[in-house]
Amino acid sequence: MIEIDVQLPLDRFNLRVNCKSEATAIAILGPSGGGKTSLLEVIAGLRKGTADRIVLDGEVLADAPQKISLRPEFRRVGYVPQDSLLFPHLDVQANVRFGQKRNGPEEVRRFDEAVEMLEIGPLLSRRPYSLSGGERQRVALARALATAPRLLLLDEPLAALDVELKDRILPYLLRVRATRTRMLYVTHNAGEAIAVADEAIVIREGCIHAKGPPRQVLTLNALTSMDPEVRFDNVLDGTISARDDEEGTALFCPTRGAPVVVTASPDLVPGASATFTVSADDVLVATQRLDCVSARNVVQARITMVEHHDREVLLHADASGYEWTVKITRGAARALGLTERAEGRPVWLAIKTHAFRRSR
Amino acid sequence: MLTGEELSILWLTLRIAAVSTVAILPFGTAAAWLLSRWKGPGRGVVETVFSLPLVLPPTAVGLLLLQLFAKSGLLGRALDAIGVEVVFTWKAVVIASSVMSFPLLVRPLSTAFEEVDPRLNAVARTLGRGPFDVFARVTLPLSWRGLVTGALLAFSRALGEFGATILLAGSIPGRTQTLALAIFQKTETGHDREAMRLSALTVLIAFALMWTTGLVMSRRTRRLRS
């Protein structure tokens, strides 16, 4: 359980966040400059608010009325900032070991685990300046994990929106999540938040605008008006079950949902784990069964929600346990008769193999 | 070849400069760190006080130090009570050199500390390291060129110190007479050739030191640009 009650005067507004959560992974979304980074800094103990109260699993990290404020080094809260902030005078290995005061078996095990989980073994002898943006993020995440934090604070860089997909940290976050490490994750990608988090918080101008299960909270209307950078990607994590070299395709079985056909790359061998994302813009929707279509993936789904917003409509459709997000124009929605009352209607989703972009 | 007397003067000068540089390192580092982090009111006053030896006539500094360390002076009385004599000893040369070279250590080091991103220190704290640990493992290693530059400048200044030293320590051959003082004494007593030899020696040492400082500083500039 994490309890956060933070009040911090910022330049344009006051940050006032008051919430409790049992969730293991919490995603924080909202427009840039809305106070998300400041909130993480207060929780990490790097900034002091006017009336903070932060309690983590019963332990008080800060309580202004009782004049308690644990120093950052005693909080055991790992912080991965937007720009990674690796120590430039140390190589990757020394960066990851930085928070380990001893070199006992437990520390060695944690180091090895972090290096393996983040796949940074080949980078250990390199200096931060020689790493790509995504590699730096992975090293910063490994550095935080190596200290066995009780809470992980991740501030995804805005620039990550422009980072090549293979460089994104998302697949590694899914691995961290699997270890049940509690984390607060700032992102601009609603699809990623849905894939990673059990709970989502939307912050606007310093206040909680919405809080709850990601599927309910991260709606088009709630996000688009306040965060123009928000993306709605479908994230699928799973394993490759078969490969067809003649066709140049592979069969990918997500942990949720039906198997799909993706473009094969040399390392996509049966048994390999992979994470794919499909932009909500890249999914076609039909209200009748599609028989003659070039897309290799046609899945039957049932509409669970329809959101109308200005010129766009966001459809949520459940297909064998995976909820797809599809973005279409208002005109297309009108032509297909997909109004708010369309919930429960069967539809067919068509996704080309090339629309599956691999992030790991 | 250097004569025995010249070697003795050179050796004393180098020892005095080294001791005074080492002596001011902890204080200079603390002062530089304080200046780099202190943004509140009063910072300007402290910075000016630290820089005073750069602009004051060295003889004025020497006179102030003499007032302080004379047996009737504030510190001199206390030191005399525990049997420590300063004035006209090698200690006086070290004190005069230290005071005069102090700002030359503090300035580049303070700038180097300011160039270290404070958020690096903040992240280091979240990784479980205390403030002193963070200073030793992050701030200081990232400022080492500033430290080396400051120490070289302070050492060079100590080598050439004259005005404050002659007032506080006199010019006693074999005890307090450094290169600068020896050149003055040789000229005063008409030994121009010996004075010229010592001057040439100081030129050589100063050139080597300034060359090294320049090398360190240019590498630092290149690193910052990259």
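The shown structure was predicted, so the numbers you read here are calculated from the model rather than taken from an experiment. So you know, we letter chains A, B, ... as the sequences are listed, proteins then strands, and number each from 1.
Interface remark: A:R143 contributes backbone and side-chain atoms alike to the contact with chain B (heavy atom separation under 4.5 Å). Of the atoms belonging to A:L90, not a single heavy atom falls under 4.5 Å from chain B. Using a 4.5 Å cut-off between heavy atoms, A:E41 does not touch chain B at all. In this structure, chain B has no heavy atom under 4.5 Å from any part of A:F74. For A:L85, the parts lying under 4.5 angstrom from a heavy atom of chain B are both the backbone and the side chain.
Electrostatic pairing of A:K101 and B:D133 does not count as a salt bridge here, judged by no charged N lying under 4.0 Å from a carboxylate O. For A:E73 and B:R129, the salt-bridge test fails: no basic side-chain N is under 4.0 Å from an acidic carboxylate O.
The line from CG of B:L142 to CZ of A:F87 is 9.0 Å long, rounded to the nearest 0.5 Å.
Counting heavy atoms of neighbouring residues, nucleotides and ligands inside a 6.0 Å radius, atom CH2 of B:W211 does not exceed 12 of them. Residue B:K39 qualifies as enclosed at atom NZ: its count of foreign heavy atoms under 6.0 Å is above 12. Counting non-hydrogen atoms of other residues, nucleotides and ligands closer than 6.0 Å to CD of A:E106 gives a total above 12. The environment of A:R102 atom CZ is sparse: at most 12 non-hydrogen atoms of other residues, nucleotides or ligands sit within 6.0 angstrom. Shown here is B:R107, whose CZ atom has no more than 12 heavy atoms of other residues, nucleotides or ligands within 6.0 Å.
Residue with the most contacts toward chain B among A:A44, A:P88, A:G78, A:P149: A:P88 (heavy-atom pairs, distance under 4.5 Å). Annotation: maximal heavy-atom pairing with chain B below 4.5 Å, among A:T147, A:L46, A:L86, occurs at A:L46.
Distance alone, capped at 3.5 Å, is enough to place a donor-acceptor pair between the A:H89 side chain and the B:R137 backbone.
Side-chain atoms of B:V123 and A:F98, non-hydrogen and from C-beta on, never get closer than 4.5 Å to each other. Counting heavy atoms from C-beta on, the side chains of A:V77 and B:T126 never come closer than 4.5 Å.
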